[in-house]
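Structure first, then comments.
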Amino acid sequence: MPSVQLVKDQVDKEIPEIAKWDPDLTKRVVEILRPVAKRYFRSEVKDLGRIPVGGALLVSNHSGGSTTTDVPIFAVDFYDRFGYDRPLYTLSHDILSVGPTKKLFHQLGVIPASRENAAGALADDAAVMVFPGGDYDATRPTRSQNVIDFNGRTGYVRTAIDAGVPIVPIVSIGGQETQFFLTRGTWLAKRIGIIKRLTRSELVPIAVGFPFGVTLGGMNLPLPSKIITRVLPAIDITARFGEDPDVAEVDAYVRKVMQKGLDRLAEQRRFPVLG
């Protein structure tokens, strides 16, 4: 006879990831996050009105290493504008979907990054946020913080094409100054094989920050860097690239648009951390 836990796990697997989102819990968490975003990081999210009605794939650069603030900062302003009738789903690394925090993340709209999960959310007219560069992008050296680099990953384009939804580019600056990343540490990860087995990552970033100074993995507390995020105009893939778009061409265009947007934010930024 199957155990109670086994039955519970099986039932949980049968429930679509998007059905686990809890708007009431999300609202409570956003209320906690708001003063951190607005007072500590002095965050600004600009041009949210560019996100169209219906399903949309929000494509953003990723910053801050393992202590990334991208999603919490964006979510505060997103829900302030659109309310809790429209969920924001975030495609995440599998590591957030294991262990005791798995249920919490799912209830907050953080779901494992897969074509199936993305398609289900987009078909439900949701806004789905994705960071194509993943940890490779989030651990880029701070000296290269204003460079859009998805490490050759183009799956997000196919996801948008298959779902028939626009891509909404988003750029953010300041997150890579919450601590100062010296290197992604790909060479170090190769030497420490257990890292890849435990985290499914080929990176061991080396960063300098507070309170631990130089660290492996970038586990310092985030500095109060001013973070500014801007939503760029939505891209209608079919209208711009035709009925049979080339994935590489679309990806190159998205990155070009995002690079220009990030360059503009960089031009307006006067000082590191202070903004």
Exercise. So, do Phe131 and Thr68 sit near enough that their side-chain heavy atoms are less than 4.5 Å apart?
Worked result: no

Exercise. How long is the gap from OG on Ser172 to NZ on Lys46, to the nearest 0.5 Å?
Worked result: 11.5 Å

Exercise. Taking Asp124 for the side chain and Ala126 for the main chain, is one N or O donor matched with an acceptor at less than 3.5 Å?
Worked result: no

Exercise. What distance do Ser60 atom OG and Met129 atom CE have between them, rounded to the nearest 0.5 Å?
Worked result: 4.5 Å

Exercise. Is any side-chain heavy atom of Tyr79 less than 4.5 Å from a side-chain heavy atom of Val29?
Worked result: no

Exercise. Same hydrophobic cluster for Phe180 and Phe210, using side-chain heavy-atom links shorter than 4.5 Å among ILVMFWY?
Worked result: yes

For this session: Say whether, by atom type as modelled, one donor and one acceptor occur between the side chain of Ser114 and the main chain of Asn117 under 3.5 angstrom.
Result: yes

For this session: Mind listing the closest non-hydrogen atom pair of Gly54 and Arg86 along with its distance?
Result: O-NH2, 2.8 Å

For this session: Indicate yes or no: at least one non-hydrogen side-chain atom of Asp77 is less than 4.5 angstrom from one of Lys38.
Result: yes

Exercise. Does some side-chain heavy atom of Ile228 sit less than 4.5 Å from a side-chain heavy atom of Gln268?
Worked result: no

For this session: Mark yes or no for whether Gln259, through its side chain, and Asn146, through its backbone, hold a donor-acceptor pair below 3.5 Å.
Result: yes

For this session: Using atom types as modelled and distance alone, determine if a side-chain donor or acceptor of Asn61 lies under 3.5 Å from a backbone N or O of Ile148.
Result: no

Problem set entry | Stepwise side chain to side chain contact (heavy atoms under 4.5 Å, CB included) check, Tyr136 with His62 | CA-CA 9 Å; Tyr136 182 85; His62 203 20; over 6 Å; no

Problem set entry | pair His106-Pro112: side-chain heavy atoms closer than 4.5 Å | yes

Exercise. Between Asp47 (side chain) and Arg50 (backbone), is there a donor-acceptor pair under 3.5 Å?
Worked result: no

Exercise. Hey, are Asp251 and Arg255 close enough for a salt bridge, meaning a charged N less than 4.0 Å from a carboxylate O?
Worked result: yes

Exercise. How close do Arg184 and Pro141 get, heavy atom to heavy atom, and via which atoms?
Worked result: NH1-CD, 4.1 Å

Exercise. For Val45 and Ile73, what are the C-alpha separation, side-chain angles and deciding distance, and is it a side chain to side chain contact (heavy atoms under 4.5 Å, CB included)?
Worked result: CA-CA 8 Å; Val45 179; Ile73 281 177; 4.2 Å; yes

For this session: To the nearest 0.5 Å, tell me how far Tyr40 OH sits from Thr178 OG1.
Result: 9.0 Å

Exercise. Could Glu44 and Lys226 be called an ion pair, given the rule that one side-chain N must be under 4.0 Å from one carboxylate O?
Worked result: yes

Exercise. Can you name the salt bridge (charged side-chain N to carboxylate O under 4.0 Å, His left out) partners of Lys27, sequence neighbours left out?
Worked result: none

Exercise. Which value, rounded to the nearest 0.5 Å, describes the distance between Ile173 atom CD1 and Ile227 atom CD1?
Worked result: 10.5 Å

Problem set entry | Min side-chain heavy-atom separation Pro222-Phe41 under 4.5 Å | yes

For this session: Could you label the plane-to-plane angle of the Tyr156 and Phe150 rings as parallel, tilted or perpendicular, counting under 30° as parallel and over 60° as perpendicular?
Result: perpendicular

Exercise. Counting N and O atoms only, with roles assigned by atom type, does the side chain of Arg240 sit under 3.5 Å from a partner on the main chain of Val250, one being a donor and the other an acceptor?
Worked result: no

Problem set entry | Distance-minimising heavy-atom pair for Gly242 and Pro245 | O-CD, 3.5 Å

Problem set entry | Audit row: Ile111, Leu91, side chain to side chain contact (heavy atoms under 4.5 Å, CB included) steps and yes/no | CA-CA 5 Å; Ile111 58 180; Leu91 302 181; 3.8 Å; yes

Exercise. What is the distance from atom CG of Leu108 to atom OG1 of Thr26, rounded to the nearest 0.5 Å?
Worked result: 5.0 Å

For this session: Determine the minimum heavy-atom distance between Val165 and Leu57, stating which atoms define it.
Result: CG2-N, 4.1 Å

Exercise. Are Met219 and Leu221 co-members of a hydrophobic cluster defined by side-chain heavy atoms under 4.5 Å apart?
Worked result: no

For this session: Report yes or no: do Phe181 and Leu223 belong to one cluster of Ile/Leu/Val/Met/Phe/Trp/Tyr joined by side chain heavy-atom distances under 4.5 Å?
Result: no

Exercise. How far does CG of Leu88 sit from CZ of Phe78, to the nearest 0.5 angstrom?
Worked result: 5.0 Å

Exercise. Short question: side chain of Gln176, backbone of Thr142 - any donor-acceptor pair under 3.5 Å?
Worked result: no

Problem set entry | Considering all heavy atoms, the nearest Ala37-Val76 contact | CB-CG2, 4.3 Å

Exercise. With a 4.5 Å limit on heavy-atom distance, are the side chains of Ile51 and Leu48 in contact?
Worked result: yes

Exercise. Looking only at heavy atoms, which two atoms of Gly217 and Ser66 are closest? And how far apart?
Worked result: O-OG, 3.5 Å

Problem set entry | Other residues, nucleotides, ligands: >12 heavy atoms within 6.0 Å of Tyr84 OH | yes

For this session: Determine the interplanar angle of the Trp21 and Tyr89 rings, folded into 0 to 90°, and report it as parallel if under 30°, tilted if 30 to 60°, perpendicular if over 60°.
Result: perpendicular

For this session: Taking the side chain as every heavy atom from C-beta outward, state whether Leu104 and Leu25 have any pair of such atoms under 4.5 Å apart.
Result: yes

Exercise. Hey, what's the ring geometry for Phe241 with Tyr253, parallel, tilted or perpendicular (30° and 60° as the breaks)?
Worked result: perpendicular

Exercise. Please walk me through it: do Arg34 and Glu31 pass salt bridge (charged side-chain N to carboxylate O under 4.0 Å, His left out)?
Worked result: CA-CA 5 Å; Arg34 184 176 290 105; Glu31 292 299 324; 2.8 Å; yes

Problem set entry | Salt bridge flag under 4.0 Å for residues Arg140 and Asp137 | yes

Exercise. Hey, mind stepping through Leu122 and Thr159 against side chain to side chain contact (heavy atoms under 4.5 Å, CB included) and telling me if it holds?
Worked result: CA-CA 9 Å; Leu122 292 169; Thr159 295; 4.0 Å; yes

Seminar exercise, completed: The residue among Leu182, Thr139, Thr215 that forms side-chain contact (heavy atoms from CB on, under 4.5 Å) with Ile206 is Leu182

